Trainee: 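I have a structure here, written as structure tokens, and I will follow up with some questions on it.
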Amino acid sequence: MDNIAGQNSGGRVAVNITVLVLVLLWLLPTVGLFVSSFRDRDQISNSGWWLAPMAVDLNFRTRVATDGAREEGGVFVLEGNVFADPALAANFPDGAGVVAAYGTRAVAPTEFVAGEVSELRGGGNLVVNRDGSYRIEAPEALDRGPTLYFEARTPPKFTLANYQTVLFADGMDRAFINTLTVTIPATIIPILIAAFAAYALAWMDFPGRGLLIAAVVGLLVVPLQLALVPLLRLHTDIGIGQSFVGIWLAHTGFGLPLAVYLLRNYMAGLPRDIIESARVDGATDFQIFIRIILPLSFPALASFAIFQFLWTWNDLLVAKVFLPSGADTQVMTVKIADDLLGSRGGDWGILATAAFVSIAVPLAVFFTMQRYLVRGLLAGSVK
Amino acid sequence: MSPVLQGILTIIIGVGGCVGYFYGSNLLLDKVIFPARGANIGRNINRANQVRPWLFLFPAVFALGVYLAYPVVGSFYRSLFDRSGANFIGLGNYVDLFNEGTFRVAVFNNLLWVLVVPALATFFGLLIAQLTDRLRWGNIAKSLIFMPMAISFVGASLIWRFVYSANPDIGIINALRDAMGLAVLDPLQVQFWNNFFLMFILVWIQTGFAMVILSAALRGIPEETIEAAIIDGANPFQVFFKIKVPQIMGTIVVVWTTITILVLKVFDIVYTMTGGNFGTHILPSYMMTYMFRDDGRATAVAFVIMLLVLPVMIWNIRQARAEMR
């Protein structure tokens, strides 16, 4: 009853429609990428992905064979069907199709409408019918068959070829493994370090505690850009250089403020009684932490782990700076941004597929663990 | 050694090292340095408890210090030197930057981003949170709008290429223009407005974040205040703007500032969509043009970003301290 337009059924319909439109708008670009990744290369560049389920007009060429020529009342006649060309069998498996237009020059492949009689260069005339059958009449025997260009409807074609190229030929498999190699240690290592610190900040009393918490809140917003130059320098000086070890350390450092902040907020909210009674029973802080706090904080640990995983998986900046740029250390984001966009800039099927491969894992994590993600977000910003 | 093995080894060393460190250092403290026995048992236990927090904190404080606190100082120091790093030139890098046209464009664009992206993302987030509040399929709708949060900026940029592409068979915008008989154009080359097209990608990603948090805040509003307003004859719009929004103002501000901070860090979208061409540079992407080429300039740009973040940082710290009291 307190909805903006919830008081009458008309209002409710309006709300439903508005939300539906917004959801479709939000979903549309991603659907485009997904559909495109399964489309045939020629079809992508000839019709929009929103027309993917429809037939596409594509241009083909075929060379007419001269061996079937016969003489008919003083002219040489050559008859056949363009769809019979074995080279086109992949597109017209049953040897039939519909020709919309045809031509004899590569620059004007659709010069004439199907069924229209046209003049042949070098004398004679030519007709290609809608069913693909053609008839060439020439005043003298042709030594070379002319090349015919024609536009035909091709049925919608979906293929896994893009995935095959991306995963096995374009080095994306390597990039995928590299991304995993960066992500997993960079997610696991900060959790433990942060959990201990968060416990100390939440449940131990010592001078300077408030100051440290304030410092963590402050560091939460330090722009990463500041860290790049000095840290790369530091890594080079201590012999790590640009390497996986370097990026693990960097991600650990950059993820810590959020980890400490989230975990401290969560741990501070745990019931005091449990911890007090454990203390009274003679448990040390170490035991309290391992036996009580850590298991109880599982939801917060999970939400940080998801954050850190998504962040490191999706990161481009840190990977560009702290990893060498060679193919055997490239992660997927770098591979797409620096490699594929350059070399495969016009190959939309490959680009769409590569993008989809790189977002598939985060999306799976997102949809299975959304509960923890939302909880973490709320712990981080709503009081 | 293959990176995968190296990774597994790192996990083992990292996790094992952490556990070993915490366990070992506690053991050392309790059994060797301040043993809880002998003549000074009381004093020893107290001392051990004074030291213990720092044992727990040390790895985190050390990592934070090296990876976040030191770079703030280190970057500023480096920005006072020239390209080679050998000659001190004071604020020379900053002066050069301000004299450079591209830098001024980047600052201007960055201010646009900071104004537009948080505003739009918060607006859409609030709108969707309110509309889906009592909807039967509201959770599905929210989940779908939240989804772009999981997508990388690079992935999002590629997704949006299928919207912005100049080829009417790829880009939806040009397909629509084509259908309406308008000439095809490349949206990303339309000076000034192309910034907004890039911004919309980030709005698309961040709206879900704003929506989730604001939706929780809306649910937290006490029912009585709303009921009272309705009984007093408030219409739905008045209920929303005069009763609900003021009560969640604090959360709106938090969402707004969080997105603002993010906007100041994102370089991926500009980098993959236009590479900063056609007048679309923002500070983070502009910094990357100097990265690996002129560290003095790069750190100077980074420090300018830091200065822009500073007010939000101070505000955040004050909020956090106020909450703890």
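None of these values were measured; they are calculated from a predicted model. Chain naming here is simple, since letters A, B, ... match the order of the sequence lines and numbering starts at 1 in each.
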Trainee: B:Lys244 versus B:Gln130: any side-chain heavy-atom pair under 4.5 Å?
Mentor: yes
Trainee: For B:Met313, is it the side chain, the backbone, both or neither that has a heavy atom under 4.5 Å from a heavy atom of chain A?
Mentor: both
Trainee: Contact part of B:Val61 toward chain A, heavy-atom cut-off under 4.5 Å: side chain, backbone, both or neither?
Mentor: side chain
Trainee: Select one option (side chain, backbone, both, neither) describing which atoms of B:Met287 are under 4.5 Å from chain A's heavy atoms.
Mentor: side chain
Trainee: I'd like to verify something: which residue of A:Val374, A:Leu220, A:Leu317, A:Leu212 has the highest number of heavy-atom pairs under 4.5 Å with chain B?
Mentor: A:Leu317
Trainee: For A:Ala200 versus B:Leu57, what's the shortest heavy-atom pair and its separation?
Mentor: CB-CG, 3.9 Å
Trainee: Report yes if some heavy atom in the side chain of A:Pro362 is under 4.5 Å from a heavy atom in the side chain of A:Asn314; otherwise report no.
Mentor: yes
Trainee: Measure B:Val163 against the heavy atoms of chain A and call it side chain, backbone, both or neither at under 4.5 Å.
Mentor: side chain
Trainee: Determine the option with the most heavy-atom pairs under 4.5 angstrom with chain A, choosing from B:Tyr271, B:Phe58, B:Phe303.
Mentor: B:Tyr271
Trainee: Does a side-chain heavy-atom distance below 4.5 Å link B:Ile230 with B:Val239?
Mentor: yes
Trainee: Looking at every heavy atom in both A:Ala197 and A:Val260, which two are closest together, and how far apart are they?
Mentor: CB-CG2, 4.4 Å
Trainee: For chain B, find which of A:Leu310, A:Leu219, A:Asp205 contributes the most heavy-atom pairs closer than 4.5 angstrom.
Mentor: A:Leu219
Trainee: Under 4.5 Å heavy-atom distance to chain A, tell me which part of B:Ile140 shows up: side chain, backbone, both or neither.
Mentor: neither
Trainee: Can you tell which part of A:Leu24 gets under 4.5 Å to a heavy atom of chain B, answering side chain, backbone, both or neither?
Mentor: neither
Trainee: Determine the option with the most heavy-atom pairs under 4.5 angstrom with chain A, choosing from B:Ile317, B:Ile170, B:Asn26.
Mentor: B:Ile170
Trainee: Do A:Ile193 and B:Cys18 come close enough that some side-chain heavy atom pair is under 4.5 Å?
Mentor: yes
Trainee: Taking every non-hydrogen pair under 4.5 Å, which of B:Tyr77, B:Phe153, B:Tyr70 racks up the most with chain A?
Mentor: B:Tyr70
Trainee: Which members of residues 226-235 of chain A, sorted by number, sit under 4.5 angstrom from chain B on a heavy-atom basis?
Mentor: A:Leu226, A:Ala227, A:Leu228, A:Val229, A:Pro230, A:Leu231, A:Leu232, A:Leu234, A:His235
Trainee: CG of B:Leu27: more than 12 outside heavy atoms within 6.0 angstrom?
Mentor: yes
Trainee: Please evaluate residues A:Asp315 and A:Lys320 with respect to the criterion salt bridge (Lys or Arg N to Asp or Glu O under 4.0 Å), reporting the C-alpha separation (whole Å), side-chain torsions for both, the decisive distance (0.1 Å), and the verdict.
Mentor: CA-CA 9 Å; A:Asp315 158 80; A:Lys320 260 182 83 70; over 6 Å; no
Trainee: Does a side chain donor of either A:Tyr199 or A:Asp285 reach within less than 3.5 Å of an acceptor in the other side chain?
Mentor: yes
Trainee: Looking at every non-hydrogen atom in both residues, tell me the closest pair between B:Phe209 and B:Thr258 and how far apart they are.
Mentor: CZ-CG2, 3.7 Å
Trainee: Between B:Thr272 and B:Ser157, do the side chains contain an N or O donor and an N or O acceptor separated by less than 3.5 Å?
Mentor: yes
Trainee: If we define contacts as heavy-atom pairs under 4.5 Å, which of A:Ile213, A:Leu28, A:Val365 has the most with chain B?
Mentor: A:Ile213
Trainee: So for B:Pro148, is it side chain, backbone, both, or neither that comes closer than 4.5 Å to the heavy atoms of chain A?
Mentor: side chain
Trainee: Under a 4.5 Å cutoff for heavy-atom pairs, which residue among B:Phe62, B:Tyr21, B:Trp54, B:Phe76 has the most contacts with chain A?
Mentor: B:Trp54
Trainee: For a quick test of reading the model, state the closest non-hydrogen atom pair linking B:Glu223 to B:Arg134 and the distance between them.
Mentor: OE2-NH2, 3.5 Å
Trainee: Top residue by heavy-atom pair count (under 4.5 Å) with chain A, among B:Leu310, B:Ile248, B:Ile314, B:Asp268?
Mentor: B:Asp268
Trainee: Would you mind checking which part of A:Ser243 comes under 4.5 Å of any heavy atom in chain B, side chain (CB onward), backbone (N, CA, C, O), both or neither?
Mentor: neither
Trainee: Would you call B:Lys142 and B:Ser215 a side-chain contact if the rule is heavy atoms closer than 4.5 Å?
Mentor: yes
Trainee: Is A:Trp311 in contact with chain B via its backbone, its side chain, both, or neither, using a 4.5 Å heavy-atom distance?
Mentor: neither
Trainee: Taking B:Gly155, B:Pro59, B:Pro53 one by one, which has the highest count of heavy-atom pairs under 4.5 Å against chain A?
Mentor: B:Pro53
Trainee: Please look at B:Trp160 and chain A and tell me whether the side chain, the backbone, both or neither of the residue comes under 4.5 angstrom of a heavy atom of that chain.
Mentor: side chain
Trainee: So which atom in B:Phe162 and which in A:Leu33 form the shortest heavy-atom distance, rounded to 0.1 Å?
Mentor: CE1-CD1, 3.9 Å
Trainee: Measure distances from A:Asn16 to the heavy atoms of chain B and classify the residue's part below 4.5 Å as side chain, backbone, both or neither.
Mentor: both
Trainee: For B:Phe124 and B:Trp204, run ring pair (Phe, Tyr, Trp, His ring centres under 6.0 Å): C-alpha distance rounded to whole Å, both residues' side-chain angles, the deciding distance at 0.1 Å, then the answer.
Mentor: CA-CA 9 Å; B:Phe124 280 120; B:Trp204 179 72; over 10 Å; no
Trainee: Using non-hydrogen atoms and a 4.5 Å limit, figure out which bit of B:Arg321 sits close to chain A: side chain, backbone, both or neither.
Mentor: side chain
Trainee: Looking at every non-hydrogen atom in both residues, tell me the closest pair between B:Ala48 and B:Leu29 and how far apart they are.
Mentor: O-CD2, 3.4 Å
Trainee: Below 4.5 Å, heavy-atom pairs only: which of A:Phe206, A:Phe286, A:Phe34, A:Trp313 has the largest tally toward chain B?
Mentor: A:Phe286
Trainee: Counting only heavy atoms closer than 4.5 Å, note whether A:Pro190 contacts chain B via side chain, backbone, both or neither.
Mentor: neither
Trainee: Name the option with the most non-hydrogen atom pairs under 4.5 Å to chain B; the candidates are A:Val361, A:Ile188, A:Ile189, A:Thr30.
Mentor: A:Thr30
Trainee: Given a strict heavy-atom distance threshold of 4.5 Å, which part of B:Ala141 is in contact with chain A: side chain, backbone, both, or neither?
Mentor: both
Trainee: Find the one option among A:Gly210, A:Gly32, A:Ala250 whose heavy-atom pairs under 4.5 Å with chain B are most numerous.
Mentor: A:Ala250
Trainee: Looking at side-chain heavy atoms only, is the closest gap between B:Thr225 and B:Ile221 below 4.5 Å?
Mentor: yes
Trainee: So B:Val254 and B:Gln319, do their side chains get closer than 4.5 Å, heavy atoms only?
Mentor: no
Trainee: Within a strict 4.5 Å, meaning less than it, do heavy atoms of the B:Ile226 and B:Phe240 side chains meet?
Mentor: no
